[in-house]
Protein chains: 2
Amino acid sequence: MAVEGGEAMRNKQVIFRDYVSGFPKESDMEVRKSAMKLRLPEGSDGLLVKNLYLSCDPYMRIRMAKPDADHVNSFEPGSPITGYGVARVLESGHPNFKKGDLLWGFTGWEEYSLITAPETCFKIEHTDVPLSYYTSLLGMPGMTAYAGFFEVCSPKKGETVFISAASGAVGQLVGQFAKLFGCYVVGSAGSKEKVDLLKNKFGFDDAFNYKEELDLNAALKRCFPEGIDIYFENVGGKTLDAVLLNMKLHGRIAACGMISQYNLEQPESVHNLMNIVLKRVRMEGFAVLDYYHLYPKFLEMVLPQIKEGKIVYVEDTAEGLEDASAALIGLFSGRNVGKQVVVVSQE
Amino acid sequence: MAVEGGEAMRNKQVIFRDYVSGFPKESDMEVRKSAMKLRLPEGSDGLLVKNLYLSCDPYMRIRMAKPDADHVNSFEPGSPITGYGVARVLESGHPNFKKGDLLWGFTGWEEYSLITAPETCFKIEHTDVPLSYYTSLLGMPGMTAYAGFFEVCSPKKGETVFISAASGAVGQLVGQFAKLFGCYVVGSAGSKEKVDLLKNKFGFDDAFNYKEELDLNAALKRCFPEGIDIYFENVGGKTLDAVLLNMKLHGRIAACGMISQYNLEQPESVHNLMNIVLKRVRMEGFAVLDYYHLYPKFLEMVLPQIKEGKIVYVEDTAEGLEDASAALIGLFSGRNVGKQVVVVSQE
């Protein structure tokens, strides 16, 4: 059943070269061409897929580090990078999928992949939206925003919400969900262009460029004279420290990520944790993995919102596997504007 | 109705002299004798009480600081210290109390007090236990341990629990509650005597003297080779930082207090907050104020446990208002062994 009769095909791959410390470089990855038989191994219940879109996500930096006792799911040196992507099924050994199906889930940074855990992939049923959205708005980042805001933050109408890295894949959605829910929403980002997006495209009530604020505490006091009910944490470090000074009683912090810390040999220090006691704040780390059972409910909410134009989304697209490593690394200098996607193939 | 026919009586008081920064000293308070008419003001719905026992609690250090925007309930310079205590009602303008009743709640550090918010006081119904217990095991610290452990920590049988300041007013109870609940319990304290108490009197599975550990992370790894499910946080700073390295997936931290930080001009830095994200940890600050509706349920659980000897309790008693300021300040050097109580009057 394999395409091309099972003969060996070129498979371009983005190979992870070795564990990274400090800031990752393009040369930590390399594009290689290998040969691959486009056929499922005999008896496999996996999937042979053609990758269409790949997702660049900040958490991937954590997987570049050398594994230790606390952290074991590092990339394997010499093997392709893995991550979320959108793919078309070429051959299926699994009852949930058939040839021609589109799916999103964990795949490799390569043209063709063998997916050995198809039960972790989601079949794409709605194709009247851009397919790349299944790496972003309708995929892992979208579910992260949804679960983080509605499940972890326990929002109430009228509350004040602060989002860091607010124009990113997750932040732009958290802000829009919070606005639609009836909250007052402020975001921070690292350029004028991003701040403009927050205010003018995503409808945030206010936004600031953290690089231009001499005093983050003062910036937050200006935006939240009464304090912050909900902080959606994407960056950590100095921003978190300033936020802690501005939390309201019974505030909540959904700790989604701390991108400012991922490339540091020594994490930055945080001093203001006493505010967690004084303000009775709940700070909760979460991972989208624990919330995928809500995916149907999420789609039910968000698909109509997309069609009615109530939710908009900005992606930053890199073309081809050759540009994938630069795209991934760009996340850590804030090069991307919106969700960073890599197009592997338009079909 | 006033005792002594309403004539002016001596009222010994512990006066708060002025706002404190750094380590508090005995001389930040002074004992003064004033005159007080033992009569409720006309039309008052308050209570005139005779104070019997006063409670020394770490949070009182926070009230010694100069008030700022975030923190407004400081002690008033020139007025008596206020805090939890046990008292007998001499005269009542409130329907909940009558002359002769015993109560616990917020009162003054003085022989006689006028309580203007009797609705925040609890009438003492069970007197077949030491009355001082209503400043400790059966009062605010007891409720703090109960609410913090059962409501904030969401414990499950068999989980591992670490408690800092574990021989203190709250810690000794959290450990016993956790043991009775079926957890594995380890505590840290600041002397050999306290560590012995934890192991031999309170039944902790293990305990260590944090002052004798060169590496807190290593001490925790030794006690919790599989990691910590629940951390009951009383101290903050370096201990918190080491705990963060040892939390298990989906661990919980109940942030009750951070006594190591209260006397510092600059709070210590914490570096390991990324573990909140990586381990999906929930860290929650709480105050017993939000849980007093559970007090009847708490009593129903704990009174039989006391009578059956399943719960034991250690108090450290200072005699008289003259010794009150030293007792309070002793909390911050760990002078007290067990809950620090001040006896104002045996009747």
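A, B, ... follow the sequence lines: proteins, then strands. Residue 1 opens every chain.
Both the backbone and the side chain of A:Val270 come within contact range of chain B, judged by heavy atoms closer than 4.5 Å. Contacts of A:Tyr262 with chain B are made by side-chain atoms alone, with heavy-atom separations under 4.5 Å and no backbone atom involved. If you measure heavy-atom distances from A:Ile253 to chain B, you find no contacts under 4.5 Å at all.
B:Leu289 places a side-chain heavy atom less than 4.5 Å from the side chain of A:Arg280. The side-chain heavy atoms of B:Arg282 and A:Met283, taken from C-beta on, include no pair separated by under 4.5 Å.
Residue-environment remark: CD (B:Glu119) exceeds the threshold of 12 foreign heavy atoms within 6.0 Å. Dense packing is recorded around NZ of B:Lys248, with more than 12 heavy atoms of other residues, nucleotides or ligands lying under 6.0 Å away.
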Residues B:Glu233, A:Val277; criterion side-chain contact (heavy atoms from CB on, under 4.5 Å); working and verdict: CA-CA 10 Å; B:Glu233 162 70 304; A:Val277 180; 5.7 Å; no

Any chance you could lay out the side-chain contact (heavy atoms from CB on, under 4.5 Å) test for A:Ile62 and B:Met274, step after step, and finish with the verdict? CA-CA 11 Å; A:Ile62 299 168; B:Met274 248 313 281; 3.9 Å; yes

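Of all the heavy atoms in A:Glu284 and B:Ile276, the pair that sits closest is C-CG2, 4.4 Å.
Put simply, of A:Glu268, A:Gln266, A:Arg252, A:Gln261, the one with the most heavy-atom pairs under 4.5 Å next to chain B is A:Glu268.
Rounding to the nearest 0.5 angstrom, the gap separating the CG atom in B:Leu273 from the OG atom in A:Ser269 is 10.0 Å.
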